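Okay, so here's the structure we're looking at.
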2 protein chains.
Amino acid sequence: MAEAHDMLFRTLADPTRRALFERLCREGEKTVGALTAQAGVSQPVVSKHLALLKQAGLVRDRHEGRQTHYSAQLDALAPLVDWTSQMAGFWQSRFDRLEDLLKRMDQ
Amino acid sequence: MAEAHDMLFRTLADPTRRALFERLCREGEKTVGALTAQAGVSQPVVSKHLALLKQAGLVRDRHEGRQTHYSAQLDALAPLVDWTSQMAGFWQSRFDRLEDLLKRMDQ
DNA sequence: CGGCAATATATGTTTATCCGTCTATATATC
DNA sequence: GATATATAGACGGATAAACATATATTGCCG
């Protein structure tokens, strides 16, 4: 049962990796070189993190000449939103049932 | 810069721990014993995970006699929602700026 | 063609973190 | 004294992050 949530949480749990993703969200498409310049880690490491982000569907790559441009793929956050609202939903429905119960007890 | 996001993502990244939280969301308040019975791991491990969840603000505990009841604390998911919408917001604003630019170029 | 630039990928290694076990033990509470 | 939970220790194993380095690939350019 290793679902999408699992990979998402795991992928975003690493600070270096999440920082890369955040930068792509803030600043839009960036080349590996540009990302490496401010990532504080070596280029191979950046490439590896980008590969993982891509595997999780969080980024897309676009080749242009000898450069690769990466950009955030926001749709990939949907499972995260779903999960969150599902959790909130469970809570809410339990709350509703409680309210319901109290209402019936009141009568 | 180890913010709330960091702890949240890290805490929810572990499947066992996330499963505990999900169960508390779905089924409401549970004792450690009840959680242990279906967690597939030993009681000390369950207690440790609960302690981490509590540290992240994701659960609350309530002592009743010799039992401890845990319940999900949904407010703790707020930073997660904030982060997500922030990322979406960055994306959106970049999109807006692009639209703006195109509009001006059109004139 | 030759060579440099940008990136991906593979290696070997080190280090660190984390999860789990089992086994206490401390602390309440019943 | 038995029960429920928390906490701690020693331990093993898995995972993962980082380094450094090397190399393969591809594209650009002279």
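Chain letters run A, B, ... following the sequence lines, proteins first and then strands; every chain starts at 1. If you're wondering where the values come from, they're calculated on a predicted model, not measured in any experiment.
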If you fit an axis to the five pairs at each end of the helix from C:dC1-D:dG30 to C:dC18-D:dG13, how big is the angle between those two axes, to 10 degrees?
10°

So does A:L12 get a backbone contact from the side chain of A:R18, meaning a donor-acceptor N/O pair under 3.5 Å?
yes

Do B:L52 and B:L77 sit in the same hydrophobic cluster, where Ile, Leu, Val, Met, Phe, Trp and Tyr count as joined when their side-chain heavy atoms come under 4.5 Å apart?
no

Starting from C1' on C:dC18, measure out to CG on A:D14 and report it in whole angstrom.
14 Å

Evaluate the criterion side chain to side chain contact (heavy atoms under 4.5 Å, CB included) for residue pair B:T84 and A:T84; output intermediate values, then yes/no.
CA-CA 11 Å; B:T84 309; A:T84 309; over 6 Å; no

What is the distance from NE2 of B:H69 to P of D:dA6, rounded to the nearest Å?
11 Å

Side-chain N or O of B:Y70 less than 4.0 angstrom from OP1 or OP2 on D:dA6?
yes

Identify, residue by residue, the members of residues 42-68 of chain A with a heavy atom below 4.0 Å from DNA chain D, and return them in order of residue number, or none.
A:S42, A:P44, A:V45, A:H49, A:G65, A:R66

Please collect all salt bridge (charged side-chain N to carboxylate O under 4.0 Å, His left out) contacts where either partner lies in residues 65-93 of chain A, sequence neighbours excluded, each pair once.
none

Rounded to the nearest 0.5 Å, what separates atom CG in B:L24 from atom CE in A:M87?
10.5 Å

Donor-acceptor contacts under 3.5 Å from residues 36-46 of chain B side chains, at least two apart:
| from | atom 1 | to | atom 2 | distance (Å) |
| --- | --- | --- | --- | --- |
| B:T36 | OG1 | B:V32 | O | 2.8 |
| B:Q43 | NE2 | B:S47 | OG | 3.2 |

In chain order, what residues pass the ring pair (Phe, Tyr, Trp, His ring centres under 6.0 Å) check against A:F9, with sequence neighbours excluded?
A:W83

Counting just side-chain N and O atoms, does B:R17 come under 4.0 Å of either OP1 or OP2 of C:dC18?
no

Between C:dT7 (P) and A:L20 (CG): distance, integer Å:
13 Å

According to salt bridge (charged side-chain N to carboxylate O under 4.0 Å, His left out), does anything in residues 51-60 of chain B pair up with another residue at least two apart or in another chain? List the pairs.
B:K54-B:D61

Atom CG of A:L35 to atom C1' of C:dA8: distance rounded to whole Å?
15 Å

Of B:T31 and A:V41, the one whose nearest nucleotide on DNA chain D sits closer to the 5' end is B:T31

Without decimals, in angstroms, what is the distance between A:K30 NZ and C:dA6 C1'?
17 Å

